[in-house]
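Data first, discussion second: the structure below is written as structure tokens.
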Amino acid sequence: VQLQASGGGLVQAGGSLRHSCVASGRIASTYGMGWFRQAPGKEREFVSAISWGGGNTDYADSAKGRFTISRDNAKNTVYLQMNSLKPEDTAVYYCAVARFRPASIGGYDYWGQGTQVTVSS
């Protein structure tokens with residue numbers, strides 16, 4: 001499985017960005033995709049996730065009400081729409097695919113390259 005992420009950038013507080021992550025390879029045998037982020041000096045943290053099958057979604061508390069995850073199974077693509085961005089959302093964002101239903105970040109098996117999101121105040 002290979003992942004190609006895009007969509008980072010610089011935005012002012014209150015603005016929006018949309019991430020995309022295209023998966024290729026043996027996607028049919030995997031569970032779903034998640035988004036994570038890592039700010040300087042901090043550990044990588046969960047942001048949101050979605051399953052390929054039922055479209056079950058999950059969000060970190062920091063993302064609820066502002067971020068929306070969605071999928072296009074025909075394109076093997078997952079999107080993360082980020083609205084009402086705050087300076088504390090500044091981080092490198094990563095997409096990842098889990099072969100099985102993940103219980104934690106350790107349950108994700110394949111990772112895309114990170115994309116920088118910078119939110120200015």
Side-chain angles (χ1 to χ4, degrees):
V1 174
Q2 295 80 42
L3 304 176
Q4 181 66 47
S6 61
L10 173 64
V11 65
Q12 289 188 332
S16 299
L17 284 174
R18 190 177 82 153
H19 284 288
S20 299
C21 186
V22 181
S24 60
R26 300 182 64 179
I27 303 303
S29 62
T30 62
Y31 175 78
M33 185 181 293
W35 284 96
F36 299 80
R37 67 186 184 187
Q38 187 166 18
K42 295 187 177 181
E43 293 186 353
R44 192 170 298 185
E45 64 177 9
F46 171 78
V47 176
S48 185
I50 190 167
S51 63
W52 296 118
N56 299 312
T57 60
D58 192 17
Y59 295 92
D61 287 343
S62 59
K64 289 179 182 177
R66 299 189 300 128
F67 295 2
T68 302
I69 193 169
S70 60
R71 78 199 194 288
D72 184 337
N73 285 6
K75 297 180 179 179
N76 289 339
T77 301
V78 171
Y79 305 97
L80 182 68
Q81 178 68 41
M82 304 189 298
N83 298 328
S84 303
L85 283 163
K86 306 174 182 179
E88 51 263 44
D89 294 317
T90 295
V92 177
Y93 283 70
Y94 300 87
C95 57
V97 164
R99 290 183 295 164
F100 308 103
R101 183 173 182 175
S104 67
I105 188 173
Y108 286 83
D109 304 285
Y110 309 99
W111 290 82
Q113 87 283 9
T115 56
Q116 177 70 47
V117 170
T118 302
V119 184
S120 62
S121 58

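Computed from a predicted structure; not experimentally measured. The residues of the chain are indexed from 1 along the displayed sequence.
- Remark: D109 engages R99 in a salt bridge (Lys or Arg N to Asp or Glu O under 4.0 Å) (not counting sequence neighbours).
- Placement of Y110 and V78 within a single hydrophobic cluster is found when ILVMFWY residues are connected by side-chain heavy-atom separations under 4.5 Å, directly or transitively.
- Residues satisfying the salt bridge (Lys or Arg N to Asp or Glu O under 4.0 Å) criterion with E45, sequence neighbours excluded, are R37.
- Here the CD atom belonging to Q81 is positioned 12.0 Å from the CD1 atom belonging to I69, to the nearest 0.5 angstrom.
- The backbone N or O of D58 sits less than 3.5 Å from a side-chain atom of S48, completing a donor-acceptor pair.
- Atoms CD and OG1, from Q4 and T77 in turn, are 11.0 Å apart once rounded to the nearest 0.5 Å.
- Among F67, Y93, Y79, the one residue that satisfies the ring-ring contact (aromatic ring centres under 6.0 Å, His included) test with H19 is Y93.
- Between the CZ atom of R66 and the CG atom of D89 there is a distance of 4.0 Å, given to the nearest 0.5 Å.
- The two residues C95 and L3 make their nearest non-hydrogen contact at O-CD1, 3.7 Å.
- Of the charged side-chain nitrogens involved, at least one lies within less than 4.0 Å of a carboxylate oxygen, so that K64 and D61 count as a salt-bridged pair.
- In this structure, E88 places its CD atom where more than 12 heavy-atom neighbours from other residues, nucleotides or ligands lie under 6.0 Å away.
- The backbone N or O of A5 sits less than 3.5 Å from a side-chain atom of Q113, completing a donor-acceptor pair.
- In terms of heavy-atom proximity, A91 sits nearest to A39 at CB-N, 3.8 Å.
- Looking at every heavy atom in both residues, K86 comes nearest to V119 through O-CB, 3.2 Å.
- Here the closest non-hydrogen pair linking N83 and S16 is OD1-OG, 2.9 Å.
- Cluster annotation: V47 is not connected to Y108 through the hydrophobic network of ILVMFWY side chains, with a link wherever side-chain heavy atoms come within less than 4.5 Å.
- Listed by first then second residue, pairs satisfying side chain to side chain donor-acceptor pair (under 3.5 Å) with a partner in residues 25-35 read T30-W52, not counting sequence neighbours.
- No single ILVMFWY cluster, assembled from side-chain heavy atoms under 4.5 Å apart, contains both I50 and Y94.
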>> Walk me through whether F46 and I105 qualify under side chain to side chain contact (heavy atoms under 4.5 Å, CB included).
In response: CA-CA 7 Å; F46 171 78; I105 188 173; over 6 Å; no

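- Transitive grouping of hydrophobic side chains (ILVMFWY, heavy atoms separated by less than 4.5 Å) brings M33 and I27 into a common cluster.
- A tilted orientation is assigned to the rings of W111 and F36, their planes being inclined by 30° to 60°.
- Between T68 and Y59, the closest heavy-atom pair is CA-OH, 3.4 Å.
- Residue G107 comes nearest to A98 through the heavy atom pair O-CB, 3.4 Å, listed as atom of the first residue, atom of the second, then distance.
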